[in-house]
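So you know, we letter chains A, B, ... as the sequences are listed, proteins then strands, and number each from 1.
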Amino acid sequence: MSETKKSLNFLEQIIEEDLAHGLDRANLKFRFPPEPNGYLHIGHAASICLNFGLGLKYNAPVNLRFDDTNPEKEEQEYVDAIKKDIEWLGFQWEEVLFSSDYFQQLYDWAVVMIKEGYAYVDDQTSNEIAEQKGTPTQAGTNSPYRDRPVSENLDLFQKMKDGEFEEGTHVLRAKIDMSSPNMLMRDPVMYRILKRSHHRTGKTWKIYPMYDWTHGESDYIEQITHSLCTLEFKHHRELYDWFLDRVYEPEMIRPKQREFARRNLSYTVMSKRKLLQLVEEGHVNGWDDPRMPTISGLRRRGYTPKSIRDFSETAGIAKRDNVTDLALLEFHIRAELNKTAPRVMAVLDPVKLVITNYPEGKEEMLTAENNPEDEEAGFRTVPFSRELYIEREDFREVANKKFFRLKLGKEVRLKNAYIIQANSVVKNEEGEITEIHCTYDPDSKSGSGSEASMRKVKGTIHWVSIQHALNAEVRLYDRLFTDEAPDSHKDKDFKEFINPDSLKLIENAYVEPSLATVAPGDNFQFQRLGYFNVDPDSTNDKLVFNRTVALRDSWAKIQQKK
RNA sequence: UGACCCAUAGUGUAACGGUAGCACUCCGGUUUUUGGUACCGUCAGUCAAGGUUCGAAUCCUUGUGGGUCAACCA
């Protein structure tokens with residue numbers, strides 16, 4: 001009975017209103033319209049989750065439509081990558097479509113517009129046209145070709161299409177209003193001549209339609225009810241509607257463009273241009289570098305589809321500019337991995353520990369729980385022996401009471417193993433500790449049920465058996481930028497804020513032998529350290545792990561306060 | 001010196017004229033063979049000034065602050 005009513009975001013409210021005013025629920029249809037000129041990022045993910053989420057909520061189809069009207073920038077490679085990312089996020093489109101599929105229809109409509117006096121061919125250069133545009137505060141002036149006869153326009157447009165003119169010599173323009181306060185309404189270009197091979201239509205077309213002319217008409221052809229885009233397209237809505245008026249038939253669905261604020265994330269940038277720059281200038285190792293906010297980068301970093309969907313859901317949709325805290329994304333990946341990632345032991349900064357009263361040559365297999373958060377996860381065994389590695393920072397010769405880890409003369413629990421007491425250290429000439437000598441309590445074996453095993457010891461540390469451990473490379477990632485909003489500073493380039501420590505490479509880490517058979521993409525929790533996944537670079541000979549995110553670390557906070 | 005959009009805890013969002021709520025972060029505590037998780041708790045907000053109203057985060061006016069718009073890009 002206690003049904004918590006979920007509040008609707010403003011777009012859902014618009015849809016509900018449309019439904020209430022007679023729109024048939026069965027006609028609801030959405031689309032996600034990427035341009036195949038780059039990789040998808042977390043901001044796109046918000047849009048994907050929005051559109052496909054609406055599709056799921058209303059049981060309505062969602063088309064994947066590639067907005068491919070510019071053959072100069074678009075490539076098949078991006079089409080494939082985009083499809084992969086959307087599927088990986090867990091969504092299914094109704095149809096894969098391309099704006100280029102509509103080139104003929106668009107052309108036919110343009111001819112009609114010319115005949116009706118709504119479009120004309122302009123022979124001026126782009127500079128001349130730009131000069132006549134005016135400014136936001138100043139009206140533009142009409143082109144000298146604006147009132148050329150329909151027959152001449154038809155003839156010229158035909159010749160543009162036939163490839164009789166060079167690039168840049170002619171454009172088709174909509175005849176609207178050169179004094180409109182909306183710059184986009186000042187006779188916008190509908191077609192330009194481009195003698196470029198298109199990734200799908202090849203050399204069929206010599207002229208290509210512009211975004212504004214294409215997008216709304218594509219929505220109309222597909223009978224999309226709600227065409228949702230980001231805020232910067234707000235001014236385009238007037239044009240979108242004007243173009244729609246040229247072709248709209250009353251018995252058809254009339255698509256509606258509505259705008260929402262794009263999702264920004266702190267400590268990163270979200271523009272394709274800037275991300276491309278990071279790739280091209282070598283600040284990162286490609287579009288799928290685990291530090292990139294791209295879907296492919298997040299995937300390689302170890303983020304899961306669900307964590308990204310949950311993030312988008314929690315962050316919500318609204319119309320104000322935002323910079324969402326990276327901590328929210330991290331919260332969701334920790335929440336999921338805590339429930340699903342198998343726990344294992346790995347030592348990243350090893351120091352040797354010798355258990356002097358443990359028989360030399362002896363080894364035993366100890367039982368370890370795979371995931372205390374998941375009863376189904378079961379148990380595994382880990383080998384134990386006389387010489388172990390522990391984390392260097394888990395030991396101090398002397399320390400105060402707040403330090404729960406190993407110190408001289410004190411006890412600590414080795415996770416899944418025995419209680420040990422540190423007795424002495426061996427140092428090298430530099431005074432660096434090379435070995436810690438300790439003794440163990442043979443009766444304190446974890447899970448043995450003995451009285452000694454039940455003893456409360458304040459600290460528990462992880463370890464690996466030296467002779468059984470596997471060598472691994474571990475890549476520790478941190479935020480790519482040191483500033484919350486690196487591209488928000490007018491006087492500074494965003495690259496000035498690149499974090500020099502965004503990648504810390506550990507070439508000689510040690511992991512427990514159960515990890516011998518992992519596959520790229522597998523997620524683990526390295527106990528007490530964080531969540532890690534297997535990088536595609538990983539091989540049987542050389543394991544490579546990426547740190548997805550560290551565990552929350554209250555000890556680090558205590559230390560920082562000092 | 002124009003048009004349009006936006007303004008709610010540190011961050012992101014709800015409240016649709018009727019008790020400002022949720023999540024993250026931060027801080028404190030309980031439990032714990034992960035200084036993790038879980039659980040409990042604390043701090044913290046309607047940009048400003050007027051107006052309408054019994055009652056305003058919500059409606060109106062003005063101001064302030066931020067954003068968008070002058071590609072043959074999308």
Side-chain angles (χ1 to χ4, degrees), chain A residues 6-10 13 33-35 37 67-70 72-74 122 125-126 129-131 133-140 167-173 180-184 186 188-194 207-208 210-212 214-215 229 231-238 259 261 263 266 272 311 314-332 334-335 338-339 343 345 369 372-373 402-405 412-417 419 446-447 453-462 484 525-530 550-558:
Chain A
K6 180 86 172 62
S7 61
L8 303 176
N9 66 47
F10 80 101
Q13 288 178 27
E35 183 188 11
N37 71 338
D67 222 332
D68 57 347
T69 59
N70 186 351
E72 291 183 10
K73 301 199 293 188
E74 294 148 8
D122 197 326
T125 65
S126 60
I129 291 174
E131 278 167 25
K133 269 262 148 104
T135 70
T137 55
Q138 245 181 324
E167 288 187 15
T169 57
H170 299 74
V171 290
L172 183 74
R173 287 228 260 169
S180 170
N182 183 346
M183 301 284 295
L184 292 161
R186 324 244 260 226
V189 172
M190 292 173 66
Y191 279 93
R192 75 283 212 190
I193 299 168
L194 244 32
I207 56 173
Y208 289 89
M210 301 289 290
Y211 165 85
D212 286 299
T214 308
H215 201 94
C229 59
L231 244 31
E232 64 266 31
F233 289 98
K234 178 67 209 284
H235 299 289
H236 293 247
R237 189 151 112 196
E238 191 179 358
E259 311 81 15
R263 179 63 48 197
S266 61
K272 275 188 199 172
F311 166 76
T314 312
I317 293 287
K319 290 175 77 169
R320 51 175 168 166
D321 294 332
N322 59 78
V323 181
T324 304
D325 197 338
L326 176 61
L328 186 63
L329 218 208
E330 294 183 337
F331 166 79
H332 285 291
R334 285 193 187 106
N338 177 51
K339 298 291 186 198
R343 314 286 121 132
M345 292 193 285
E369 192 176 17
E373 302 292 321
K402 283 190 173 175
F403 186 79
F404 301 161
R405 287 111 101 132
V412 78
R413 156 89 57 192
L414 290 176
K415 179 76 183 172
N416 302 130
I419 294 171
S446 287
S453 75
M454 311 288 269
R455 272 168 54 210
K456 296 289 174 194
V457 180
K458 189 63 184 171
T460 301
I461 63 174
H462 60 276
E484 272 189 6
Q525 185 197 95
F526 288 180
Q527 279 190 307
R528 302 208 305 131
L529 296 175
L551 255 29
R552 287 183 64 215
D553 189 352
S554 51
W555 170 237
K557 283 175 186 168
I558 291 169

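- Phosphate contact (OP1/OP2 of B:rU33, side-chain N/O of A:K415, threshold under 4.0 Å): absent.
- In this structure, CD1 on A:I207 lies 10.5 Å from CG on A:L194, to the nearest 0.5 angstrom.
- Across all strands, A:R413 comes closer than 4.0 Å to base atoms (heavy-atom distances).
- By the criterion of a centre-to-centre distance under 5.5 Å and near-parallel planes under 30°, the ring of A:W555 forms a stack with the base of B:rG35.
- Once rounded to the nearest 0.5 Å, the distance linking NZ of A:K319 with CD of A:E259 reads 6.5 Å.
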TODO: Can you check each nucleotide of nucleotides 40-46 of chain B against protein heavy atoms at under 4.0 Å and return B for base, S for sugar-phosphate only, - for none, in 5' to 3' order?
DONE: -------

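- In this model, the phosphate group of B:rU37 is approached by a side-chain N or O of A:R552 to a distance below 4.0 Å at OP1 or OP2.
- OP1 or OP2 of B:rG35 has at least one side-chain nitrogen or oxygen of A:R528 nearer than 4.0 Å.
- Residue A:R343 has no polar side-chain atom (N or O) positioned under 4.0 Å from OP1 or OP2 of B:rU33.
- OP1 or OP2 of B:rA74 lies within a sub-4.0 Å distance of a side-chain N or O belonging to A:T69.
- At B:rC26, one or more side-chain N or O atoms of A:K557 fall inside 4.0 Å of OP1 or OP2 (strictly under the cut-off).
- Counting any heavy atom pair closer than 4.0 Å across all strands shown, A:F233 reaches a base atom.
- For A:I558, the listed nucleotide lying nearest its side chain is B:rG35; candidates were B:rG35, B:rU34, B:rU25.
- Among the protein residues, A:E373 comes within range of the nucleic acid bases, having at least one heavy atom under 4.0 Å from a base atom.
- As judged by a 4.0 angstrom heavy-atom cut-off over every strand, A:R263 is placed among residues touching the sugar-phosphate backbone only.
- Put simply, A:F331 does not rest on the base of B:rA23: the two rings are not both less than 5.5 Å apart at their centres and under 30° in tilt.
- Here the straight-line distance linking atom OG1 of A:T69 with atom NE2 of A:H215 works out to 10.5 Å at 0.5 Å rounding.
- Counting only heavy atoms from C-beta on, A:A327 has its side chain closest to B:rU25 among B:rU25, B:rU34, B:rC69.
- Across the interface with RNA chain B, nearest-nucleotide mapping of A:K73 and A:F403 shows A:F403 to be the residue nearer the 5′ end.
- Closest contact between the side chain of A:V189 and the listed nucleotides B:rU33, B:rC72, B:rG2 involves B:rC72.
- Here A:N338 contributes atom CG and A:R343 contributes atom CZ; the two are 5.0 Å apart, rounded to the nearest 0.5 Å.
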Task: Bracket string, RNA chain B, 5' to 3' - pairs by Watson-Crick or G-U geometry under 3.5 Å, | interstrand - done: .((((((..((((....[..))))..((((.......)))).....(((((..]....))))))))))).....

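- At a threshold of 4.0 angstrom between heavy atoms, the contacts of A:G447 include nucleobase atoms, whether or not backbone atoms are also involved.
- Within the structure, every side-chain polar atom (N or O) of A:T125 is placed at least 4.0 Å from both OP1 and OP2 of B:rC72.
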